[in-house]
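These figures come from a predicted structure and were not determined experimentally.
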Amino acid sequence: MTDAAALPGQPRGGVLSGPATARAVNVLAPNASPMTLDGTNTWVVSEPDSDLAVVIDPGPLDEGHLTRVIGTAEKAGKRIALTLLTHGHPDHAEGAARFAELTRTHVRALDPALRLGDEGLGPGEVIEVGGLELRVVPTPGHTADSLCFHLPADQAVLTGDTVLGRGTTVVAHPDGRLGDYLDSLRRLRSLTVDDGVHTILPGHGPVLEDAQGAVEYYLAHRAHRLAQVETAVENGYRTPSEVVAHVYADVDRALWPAAELSVRAQLEYLEEHGLI
């Protein structure tokens, strides 16, 4: 068995659902799959002494899950006052409209099509609810509308699909772009270096206790994959499917369709920079 401390980001072992930091509690959605890992992490975030809470990524349209999220807050003596989305993929956002109906909250997101209410989310914005402070960090790349939320009081960042608790994420071409994603990873790295962030609360998988190590691993992984794709093209592998079969030969074939999205983003990046 591999020691978790030796893995990128030092993933926390044990049960995924439940308290993760002083202010963040995870309610794991029942939608496990090769793409969603153990399921979507729905985060209930609040100040310990406040009766108000914020929910980040209600998850899929699963009535039982949405009810459990509300029950988790109520058991702690809290009322859900606001719903936020890291991005619009269905495993994170499909249940948002129903959740807003159940909680009578607004839904705030970068993409206007996902909002319920007048307010969106802007880069650098500070959200304050019941004494809780969340800072909006723009992190496009996985998707164009991807955001992270910096939780300064816990020295943590909620990353959605930008950084996962296990494995690496997809650059969902054409909406996702590799150049944007690399910039976003560098932005997260600056949070770990300059702002003291040491914990990653991901959209899937376990909590990571070495945020800087995780982001550095992601940057190195992307550089390695990009070099592999460039070499594959030089060796005559031209189409995205050919490159996937060559470069991702050691990856579960069930993940190849997702890998092809990332390959398309990498090929676009290499073309834009005159490397192929």
Side-chain angles (χ1 to χ4, degrees), residues 2-13 19-24 26 37 41 43 45 47 54 56-57 84-87 92 110 121-128 131-172 176-227 262 265-266 269 273:
T2 302
D3 182 356
L7 297 173
Q10 297 181 16
R12 186 181 299 174
T21 67
R23 292 164 180 79
N26 181 29
L37 305 181
N41 295 334
W43 291 101
V45 188
E47 281 296 313
V54 175
I56 298 171
D57 289 351
L84 303 175
L85 297 178
T86 61
H87 66 296
H92 294 257
L110 182 62
L121 292 170
E125 183 174 352
V126 178
I127 299 165
E128 296 183 5
L132 179 76
E133 180 182 297
L134 290 166
R135 299 175 184 174
V136 179
V137 183
T139 50
H142 170 65
T143 60
D145 69 329
S146 287
L147 297 171
C148 293
F149 297 100
H150 179 198
L151 178 55
D154 283 347
Q155 296 178 297
V157 61
L158 298 107
T159 56
D161 281 356
T162 299
V163 176
L164 305 179
R166 186 171 65 251
T168 55
T169 200
V170 172
V171 178
R177 293 173 56 85
L178 181 58
D180 291 341
Y181 186 62
L182 294 174
D183 287 343
S184 293
L185 290 177
R186 296 182 189 109
R187 191 170 296 118
L188 289 176
R189 181 172 58 187
S190 74
L191 285 181
T192 71
V193 173
D194 301 328
D195 295 280
V197 167
H198 58 67
T199 302
I200 287 177
L201 307 176
H204 302 280
V207 171
L208 298 177
E209 298 185 327
D210 175 16
Q212 185 174 350
V215 175
E216 294 287 3
Y217 171 78
Y218 263 57
L219 283 164
H221 171 78
R222 282 295 164 200
H224 178 63
R225 282 296 194 211
L226 193 62
S262 285
Q266 291 171 93
Y269 181 89
H273 289 76

Student: Within the side chain of S262, is there an N or O that forms a donor-acceptor pair under 3.5 Å with the backbone of V171?
Tutor: yes

Student: Roughly how far apart are R187 CZ and D180 CG, rounded to 0.5 Å?
Tutor: 8.5 Å

Student: On a heavy-atom basis, which atom in G160 and which in D57 lie closest, and how many Å separate them?
Tutor: CA-OD2, 4.4 Å

Student: So T199 and L208, do their side chains get closer than 4.5 Å, heavy atoms only?
Tutor: no

Student: So, applying side-chain contact (heavy atoms from CB on, under 4.5 Å) with V136, which one of I127, V126, L110 is it?
Tutor: I127

Student: Which atom names give the shortest non-hydrogen contact between L185 and L219, and what distance separates them?
Tutor: CB-CD2, 3.7 Å

Student: Does Q155 use its side chain to pair, donor to acceptor, with the backbone of P152 at less than 3.5 Å?
Tutor: no

Student: Look up atom CG in L147 and atom OG1 in T162, then write down how far apart they are to the nearest 0.5 Å.
Tutor: 8.5 Å

Student: Taking the side chain as every heavy atom from C-beta outward, state whether L188 and Y218 have any pair of such atoms under 4.5 Å apart.
Tutor: no

Student: What is the distance from atom NE2 of H273 to atom CG of L226, rounded to the nearest 0.5 Å?
Tutor: 9.0 Å

Student: If I take atom CZ from residue R166 and atom CG from residue L37, how far apart are they, to the nearest 0.5 angstrom?
Tutor: 4.5 Å

Student: Compare all side-chain heavy atoms of V157 with those of D195 and state whether any distance is below 4.5 angstrom.
Tutor: no

Student: Minimum heavy-atom separation for P202 to G165, with atom names?
Tutor: CB-N, 3.5 Å

Student: Is any side-chain heavy atom of D161 closer than 4.5 Å to one of H92?
Tutor: yes

Student: Could you pull out the closest heavy-atom pair between P206 and P11, with the gap in Å?
Tutor: CG-CB, 3.6 Å

Student: Could you name each residue pair satisfying ring pair (Phe, Tyr, Trp, His ring centres under 6.0 Å) that touches residues 131-156, not counting sequence neighbours?
Tutor: H87-H142, H89-H142

Student: What salt bridge (charged side-chain N to carboxylate O under 4.0 Å, His left out) pairs are there with at least one residue in residues 199-224, not counting sequence neighbours?
Tutor: R12-E209, R189-E216

Student: Mind running side chain to side chain contact (heavy atoms under 4.5 Å, CB included) on L134 and L84 for me, showing each step along the way?
Tutor: CA-CA 11 Å; L134 290 166; L84 303 175; 3.9 Å; yes

Student: Between T86 and T139, is there a side-chain heavy-atom distance shorter than 4.5 Å?
Tutor: no

Student: Any side-chain heavy atom of N26 within less than 4.5 Å of one from L201?
Tutor: no

Student: Kindly give the heavy-atom pair with the smallest separation between E133 and L151, and that separation in Å.
Tutor: O-CD1, 3.7 Å

Student: Checking side chain to side chain contact (heavy atoms under 4.5 Å, CB included) for the pair T169/V163: CA distance, chi angles, key distance, verdict?
Tutor: CA-CA 7 Å; T169 200; V163 176; over 6 Å; no

Student: Do you know the tightest heavy-atom contact between I200 and A214?
Tutor: CD1-CB, 3.9 Å

Student: Is there a donor-acceptor pair closer than 3.5 Å between any side-chain N or O of H221 and the backbone N or O of Y217?
Tutor: no

Student: Between V45 and T21, is any pair of side-chain heavy atoms under 4.5 Å apart?
Tutor: no

Student: Would you confirm whether S184, through its side chain, and P140, through its main-chain N or O, come within 3.5 Å as a donor-acceptor pair?
Tutor: yes

Student: Has the side chain of W43 got a donor or acceptor atom that lies under 3.5 Å from a matching backbone atom of G203?
Tutor: no

Student: Is there side-chain contact between R135 and C148, with heavy atoms separated by less than 4.5 Å?
Tutor: no

